[in-house]
Asker: 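Pasting in a structure now, in structure tokens, and then I'll have a few things to ask.
Each ligand, and each atom within it, is numbered from 1 in the order the structure gives. None of these values were measured; they are calculated from a predicted model.
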Amino acid sequence: MSGDQIIIFDTTLRDGEQSPGCSMNTKEKLEIARALVDLGVDVIEAGFPIASPGDFEAVQKIADRFGDQTTICALARSLDADIAKAKGALANAAKRRIHVFLATSAIHREHKLKMDKQQIIERAVASVKDAKEFCDDIEFSPEDAARTELDFLCEVVEKTIAAGATTVNIPDTVGYATPNHYFKVISYLKQNVSNIEQAIISTHCHNDLGLAVANSLSAIEAGARQVECTINGLGERAGNAALEEVVMALRTRADFYGVHTKIKTERLVPVSQLVSSITGMKVQRNKAIVGQNAFAHEAGIHQHGMLQERTTYEIMRPQDVGYVGRNLVLGKHSGRHAFKDRVAELGFSLDDDALQKAFDDFIALADKKKEVFDSDIIALVDNRLADAPERWKMISFHTSAGSAAIPTATLELQCEDQPVMCDAAIGDGPIDAVFRALERITEITARLEDFNVRSVSEGKDALGEVRVTINVLGRHFLGKGVSTDIIEAAANAYMQALNKADADRRTGSAAASDKVAADTP
Ligand code: KIV
Ligand code: ZN
């Protein structure tokens, strides 16, 4: 690696998964890992194997499947048991890294670890040596580095490099740093750690003050050569540095930074959409790089300038980040082949069954709607990606509502091959009535925790997408539905979430839950 290449270390599957409500099952993690490999990230932090059997399995499967293409990293505290689990999960990966961490700041030493400086150094060195017996590529993180006394930080970094760490990561665990402060921390390490040239300095910035990307860029200016980041900036609390923002800042301002990454930037928007779809975490419209408005010019003066010369108001080309605008793509006479090609161009890979279902949905939509846009196709495919269990199927629904009527819903559902069941319920509105009727028939009592509706494209006949999160006996289930009829979209979303809860109830399977408690750092 040359000195002007920045290593992109993606931690969407580990720190990103620590975002409230963002837990993923193994299949979903594999799907994201595949997209990250295609995106060109250098290191995938696949998880924290000691946290739960599910985490272990996910890291192991990702290591088995992709460990010959991209470095797969497993996180471990500076504890024998954690490191043993990390070794077990990475056993079959040709390119593997163990990431060991131990807090170093006074607050953490005194209140969390109850260890003094000497004990911290001994534990850190011992765990790096233990991990080093398994593989050469070892990363050490002094957790809460940004609030650690600089001289002690230098000592920890120097000793862990001497013990075998090849990357030293300097986490701003609580998002406390500011750009100039973080620049000084990295510069200080460069000047005061005698063996610093033997390791790569890495950044890991949290976004509590909205500075994670700015701090990461400052660290690069000071000499860091690895950035830890996540797709869409997912992560603990306010999140981590957003991968897409760091990468595009470095690319757009290559004149200033003089560095590059190996990221295939035209994959950024598709990966962002995939992660948003799987985690249920929507991307705000005006989010830099991947938001729906990121390339929309509204003001007349901007539009005029753009028509004369694009670069008057545009510093990046939409196609460079894989941005899909209001493209009119396919019509009702487009064949399955054209649909399949378009789905692939949009960055999705569906198995034959899911592709057929999405195509059927597309034909049904094209019948109702004059113009079908890329954004419609993304929503339809997204809906089929969920791979949710479908024990209960909705056969039909009818609602009645109005200012003088009691909102009522009548539903027909079928459970596997059993006879169709019919029931009705009243509610606060027609959607609430549908939800109650669904619960009556399936005999699952759920609490609605989140209800989100958005218009996928433009116009009166736009496709609506509804996302719901329900809580059943303390477990959370996400459901999505799309339709030009918002009540139908809501009904499908609730049905999907109830089907997941039903599968969970029947099998007790953690994989069916959208939120699995994990003992994460
Ligand atoms: O924020 C943090 O300190 C972490 C460490 C585990 C690197 O996520
Ligand atoms: Zn973190």
Asker: Give the numbers and elements of all ligand 1 atoms closer than 4.0 Å to a heavy atom of Glu143.
Answerer: 3 (O)
Asker: Quick check: does Asp144 get an N/O under 3.5 Å from an N/O on ligand 1?
Answerer: no
Asker: Tell me, please: is Gln18 in heavy-atom contact with ligand 1, that is, under 4.0 Å?
Answerer: no
Asker: Nearest 0.5 Å, what's the OG1-CG distance between Thr12 and Leu243?
Answerer: 7.0 Å
Asker: Do Ser78 and Ser127 have side-chain N/O donor and acceptor atoms under 3.5 Å apart?
Answerer: yes
Asker: Scan side-chain atoms only and decide if Thr230 and Asn240 contain a donor-acceptor pair under the 3.5 Å cut-off.
Answerer: no
Asker: Classify the contact between His108 and ligand 1 as side chain, backbone, both or neither, using a heavy-atom distance cut-off of under 4.0 Å.
Answerer: neither
Asker: Look at ligand 1 and say whether Glu236 reaches it with a heavy atom at a distance under 4.0 Å.
Answerer: no
Asker: Start with the C-alpha distance between Lys61 and Glu57, add both sets of side-chain angles, then the distance that settles salt bridge (Lys or Arg N to Asp or Glu O under 4.0 Å), and finish with yes or no.
Answerer: CA-CA 6 Å; Lys61 291 211 161 133; Glu57 182 202 55; 3.6 Å; yes
Asker: With a cut-off of 4.0 Å, which atoms of ligand 1 are near a heavy atom of His206?
Answerer: 1 (O)
Asker: Is there any N or O on Asp15 that sits under 3.5 Å from an N or O of ligand 1?
Answerer: yes
Asker: Any nitrogen or oxygen of Glu228 lying under 3.5 Å from a nitrogen or oxygen in ligand 1? Just yes or no.
Answerer: no
Asker: Please state the angle at the Zn ion (ligand 2) spanned by NE2 of His204 and NE2 of His206: what is it, rounded to 10 degrees?
Answerer: 100°
Asker: Judging by distance only, is a nitrogen or oxygen of Thr173 under 3.5 angstrom from one on ligand 1?
Answerer: yes
Asker: So that I can check it, does any N, O or S atom in Glu228 come closer than 2.8 Å to the Zn ion (ligand 2)?
Answerer: no
Asker: Can you see whether Phe152 has Lys117 sitting over its ring - NZ or CZ less than 6.0 Å from the centre and within 45° of the normal?
Answerer: yes
Asker: With the side chain counted from C-beta on, respond yes when Lys184 and His181 share a heavy-atom pair under 4.5 Å apart, and no when they do not.
Answerer: no
Asker: Quick one: sort the His99 and Phe9 rings into parallel, tilted or perpendicular, breaks at 30° and 60°.
Answerer: perpendicular
Asker: Within the structure, does His204 bring an N/O atom to less than 3.5 angstrom of an N/O atom in ligand 1?
Answerer: yes
Asker: Would Arg96 and Phe134 count as a cation-pi pair here, with the cationic atom under 6.0 angstrom from the ring centre and within 45° of the axis?
Answerer: yes
Asker: State, with a plain yes or no, whether a side-chain heavy atom of Tyr188 is found less than 4.5 Å away from one of Asp151.
Answerer: yes
Asker: Which atom, among the N/O/S set of Asp15, is closest to the Zn ion (ligand 2)?
Answerer: OD2
